[in-house]
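All remarks here apply to the structure that follows.
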Amino acid sequence: MTHASVRHPPHHRRRVAIAGGGLAGLRAAEELRRQGFDGSIKMVTAEAVAPYDRPQLSKSLLVGTTSVEKAIYRDAEYYNNLSIDLLLEHRVGSLDLRERCLKTSRGSVDFDDLVICTGAAPRRLGGIADMAGVHELRTLDDGVAIRDAFGKAPRVVVVGAGFIGSEVAASARKLGLDVTIVEASPAPLARALGNDMGLACAGLHADHGTRLLRGVSIESVEGHGRVERVRLTDGTTIDCDLLVVGIGVAPTVDWLAGSGLPIDNGTVCDATLSTPAKGVYAAGDVASWPNELFGLRMRGEQWTNAVEQGRHVARNILADAEEQRPFHGSNYFWSDQYGVRIQFAGITAADEIRIVEGSVAERRFLAWYRRGDRLVGALAMNEAKSLMLSKTLIEHRANWNEALTAFEKATAS
């Protein structure tokens with residue numbers, strides 16, 4: 001990518017704006033201060049609360065073991081101490097690159113450097129009119145609403161068996177609710193793990209009394225004022241008191257229309273997470289970048305990706321152009337379901353998937369994904385140590401046979 005010529009003032013005079021109040025933005029702001037940046041930092045968020053821990057929303061918050069207060073990362077004093085100006089309830093509306101200005105619902109924010117990390121929004125289930133008892137899960141308010149509804153809704157239907165849907169289902173079962181998951185794909189977690197290993201994880205739901213319907217979709221939602229039942233595309237109906245829709249997310253980039261930045265499944269960046277506009281970067285769910293580790297353009301929606309990219313962008317902001325480094329994320333994520341930890345690193349585009357440790361039937365295993373002569377992915381269920389070793393091998397671009405030998409030596413000791 002080529003950058004327009006924009007002169008930067010010295011670090012102590014620079015103004016950094018962060019569009020988005022999630023984890024990527026928080027880590028970017030913290031890393032700037034950690035690296036000694038003493039200029040202005042303004043974080044703009046549409047939310048009414050400071051950045052919070054989204055992974056808790058589908059798990060501990062729903063079952064009541066985490067409070068709203070504990071889900072929020074930092075208190076107001078923390079931001080004051082770091083001189084981070086957190087602008088709550090400022091929804092971003094547009095970006096003016098010529099004036100170096102971010103327009104929000106409550107005013108304008110000027111910048112020298114901008115980090116775009118507006119995240120993603122839930123995909124909507126088409127053809128459903130607004131009806132009480134139908135929920136999505138993305139924000140802290142969403143989590144509180146579903147938690148409260150669990151106490152009044154013994155019959156729960158979850159649309160989508162991805163990580164969010166599966167975790168919501170597991171939380172509902174922990175509370176003793178009747179749960180059915182409706183998944184259009186042949187396997188749960190197919191997008192994240194591939195069909196074969198998605199099926200390997202399907203047994204978890206059966207083990208814990210969750211009904212999983214695959215290869216079928218919601219045709220309509222029925223009820224008088226609130227959801228009472230759902231009708232499926234195969235003609236069957238399921239009575240329910242609560243419908244939770246978890247069919248994935250789309251990057252929040254509509255506000256960038258007309259800005260001149262390229263948009264294609266997110267904000268298009270180069271390997272350093274920089275956009276074509278100098279001093280404008282993206283991080284987290286919204287960033288699309290060429291990941292040289294796998295030779296693929298990627299967009300990650302994981303907690304670890306947001307942390308690492310936020311910090312990486314901060315360091316690149318403070319570096320000279322020739323010293324800015326590419327981001328090589330290994331796409332690591334995890335999910336806790338029914339007391340079982342599922343972890344993955346790498347990609348699923350593979351020529352072979354092999355169980356190298358444990359047994360799927362025992363719900364304790366490690367599977368490796370091979371592409372050509374390289375180890376490119378690893379999936380673990382209740383094998384955390386082995387997964388982290390595999391992650392390291394993937395990050396070092398290990399040859400398949402060499403990786404097998406190294407793994408055997410490490411696990412034999």
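By the 6.0 Å contact criterion, CG on Asp148 is enclosed, its count of non-hydrogen atoms from other residues, nucleotides or ligands being greater than 12. Residue Arg191 qualifies as open at atom CZ: its count of foreign heavy atoms under 6.0 Å is 12 or below.
Between Arg364 and Glu362, no side-chain nitrogen of the basic residue sits less than 4.0 Å from a carboxylate oxygen of the acidic one, so the salt-bridge criterion is not met. Ion pairing between a basic and an acidic side chain is recognised when a charged N comes within 4.0 Å of a carboxylate O; Asp336 and Arg341 show such pairing. Ion pairing between a basic and an acidic side chain is recognised when a charged N comes within 4.0 Å of a carboxylate O; Arg229 and Glu222 show such pairing. Under the 4.0 Å criterion applied to side-chain N and carboxylate O atoms, Glu308 and Arg27 are not assigned as salt-bridge partners.
Judged by distance alone, the side chain of His90 and the main-chain N or O of Met43 form no donor-acceptor pair under 3.5 Å. In this structure a side-chain-to-backbone donor-acceptor pair under 3.5 Å is present from Arg123 to Val249. One N or O on the side chain of Asp112 and one on the backbone of Arg15 form a donor-acceptor pair closer than 3.5 Å. Although no hydrogens or angles enter the test, the distance criterion places a donor-acceptor pair under 3.5 Å between the side chain of Arg33 and the main chain of Leu82. Judged by distance alone, the side chain of Asn316 and the main-chain N or O of Thr272 form a donor-acceptor pair under 3.5 Å. Remark: side-chain polar atoms of Asn291 are not paired, donor with acceptor, to backbone N or O of Leu296 under 3.5 angstrom. Of the possible donor and acceptor atoms, one in the side chain of Gln309 sits under 3.5 Å from a partner among the backbone N and O of Gly284. In this structure, the side chain of Ser58 does not engage the main chain of Ile164 through any donor-acceptor pair within 3.5 Å. Distance alone, capped at 3.5 Å, places no donor-acceptor pair between the Arg370 side chain and the Ala350 backbone. A donor-acceptor pair is defined here as one N or O able to donate and one able to accept, closer than 3.5 Å; no such pair exists between the side chain of Arg363 and the backbone of Asp207.
Annotation: ring-ring contact (aromatic ring centres under 6.0 Å, His included) contacts involving residues 237-280, sequence neighbours excluded, are absent. The stretch residues 207-241 participates, sequence neighbours left out, in these ring-ring contact (aromatic ring centres under 6.0 Å, His included) pairs: His208-Tyr338. Pairs engaging residues 253-264 under the salt bridge (Lys or Arg N to Asp or Glu O under 4.0 Å) rule: none recorded [sequence neighbours left out].
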Apply the test side-chain contact (heavy atoms from CB on, under 4.5 Å) to residues Leu23 and Arg54: give CA-CA distance (whole Å), side-chain angles for both, the deciding distance (0.1 Å), then the verdict. CA-CA 9 Å; Leu23 182 61; Arg54 290 188 190 277; over 6 Å; no

One pair to check against side-chain contact (heavy atoms from CB on, under 4.5 Å): Leu61 and Ile146. What are the steps and the verdict? CA-CA 10 Å; Leu61 182 73; Ile146 295 172; over 6 Å; no

Would Arg147 and Leu62 count as a side-chain contact (heavy atoms from CB on, under 4.5 Å) here? Give the steps. CA-CA 5 Å; Arg147 180 198 65 187; Leu62 292 190; 4.2 Å; yes

Side-chain atoms of residues 151-163: list all donor-acceptor pairs with protein atoms under 3.5 Å, sequence neighbours left out, distances to 0.1 Å.
unit_1	atom_1	unit_2	atom_2	d
Arg155	NE	Asp241	OD2	3.0
Arg155	NH2	Asp241	OD1	2.9

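For Glu402, there are no salt bridge (Lys or Arg N to Asp or Glu O under 4.0 Å) partners, not counting sequence neighbours. Remark: Glu77 engages Asp75, Asn81 in a side chain to side chain contact (heavy atoms under 4.5 Å, CB included) (not counting sequence neighbours). The ring-ring contact (aromatic ring centres under 6.0 Å, His included) check on Trp368 picks up Trp400, Phe407, with sequence neighbours excluded. Considering only residues two or more places apart in sequence or on other chains, Arg299 meets the salt bridge (Lys or Arg N to Asp or Glu O under 4.0 Å) condition with Glu301. For Gln302, the side chain to side chain contact (heavy atoms under 4.5 Å, CB included) partners at least two apart in sequence or on another chain are Asn305, Asn331, Phe333. Residues satisfying the side chain to side chain contact (heavy atoms under 4.5 Å, CB included) criterion with Ile263, sequence neighbours excluded, are Val253, Leu256, Thr267. In this structure, the salt bridge (Lys or Arg N to Asp or Glu O under 4.0 Å) partners of Arg74, at least two apart in sequence or on a different chain, are Glu30. For Glu31, the salt bridge (Lys or Arg N to Asp or Glu O under 4.0 Å) partners at least two apart in sequence or on another chain are Arg34, Arg315.
Under the 4.5 Å side-chain criterion, counting only non-hydrogen atoms from C-beta, Tyr281 is in contact with Ser274. Under the 4.5 Å side-chain criterion, counting only non-hydrogen atoms from C-beta, Phe327 is not in contact with Val313. By the 4.5 Å heavy-atom criterion applied to side chains, His312 and Arg325 are counted as neighbours. Residues Lys385 and Leu366 have side chains not in contact (no heavy-atom distance under 4.5 Å, counting atoms from C-beta outward). Inter-residue side-chain proximity for Asn265 and Pro251 is flagged as met; some heavy-atom pair is nearer than 4.5 Å. Val230 places a side-chain heavy atom less than 4.5 Å from the side chain of Cys240. Counting heavy atoms from C-beta on, the side chains of Asp53 and Trp303 come closer than 4.5 Å. The side-chain heavy atoms of Ile317 and Val115, taken from C-beta on, include a pair separated by under 4.5 Å.
Annotation: the span from Met298 atom CE to Leu293 atom CG amounts to 8.5 Å, rounded to 0.5 Å. Rounding to the nearest 0.5 Å gives a distance of 10.5 Å between OH of Tyr52 and OH of Tyr73. Distance check: Ser220 OG to Leu125 CG gives 10.5 Å after rounding to the nearest 0.5 Å. In this structure, CG in Leu86 is found 11.5 Å from CD1 in Ile41, a value given to the nearest 0.5 Å. Taken to the nearest 0.5 Å, the OG1 atom of Thr104 stands 12.5 Å off from the CG atom of Leu95. Interatomic distance, Ile181 CD1 to Arg214 CZ, rounded to the nearest 0.5 Å: 11.5 Å.
For His328 and Glu395, the side-chain atoms include no donor-acceptor pair closer than 3.5 Å. In the model, Thr118 has no side-chain atom that pairs as donor or acceptor with a side-chain atom of Thr252 under 3.5 Å.
Screening Leu88, Asp141, Thr139 for a side-chain contact (heavy atoms from CB on, under 4.5 Å) with Glu47, the sole residue that qualifies is Thr139.
Across Arg297 and Pro290, no two heavy atoms sit closer than the pair NH2-CD, 3.5 Å. Between Lys103 and Ser108, the shortest heavy-atom contact is CD-OG, 3.2 Å. The two atoms that bring Gly223 and Met131 nearest to each other are O-CE, 4.0 Å, heavy atoms only. Residue Ala378 comes nearest to Tyr369 through the heavy atom pair N-CD1, 3.9 Å, listed as atom of the first residue, atom of the second, then distance. Residues Arg138 and Leu57 share a closest heavy-atom pair of O-CD1, 3.6 Å. Summarising the geometry of Cys117 relative to Val286, their closest heavy-atom pair is CA-CG1, 3.9 Å, with the distance given to 0.1 Å.
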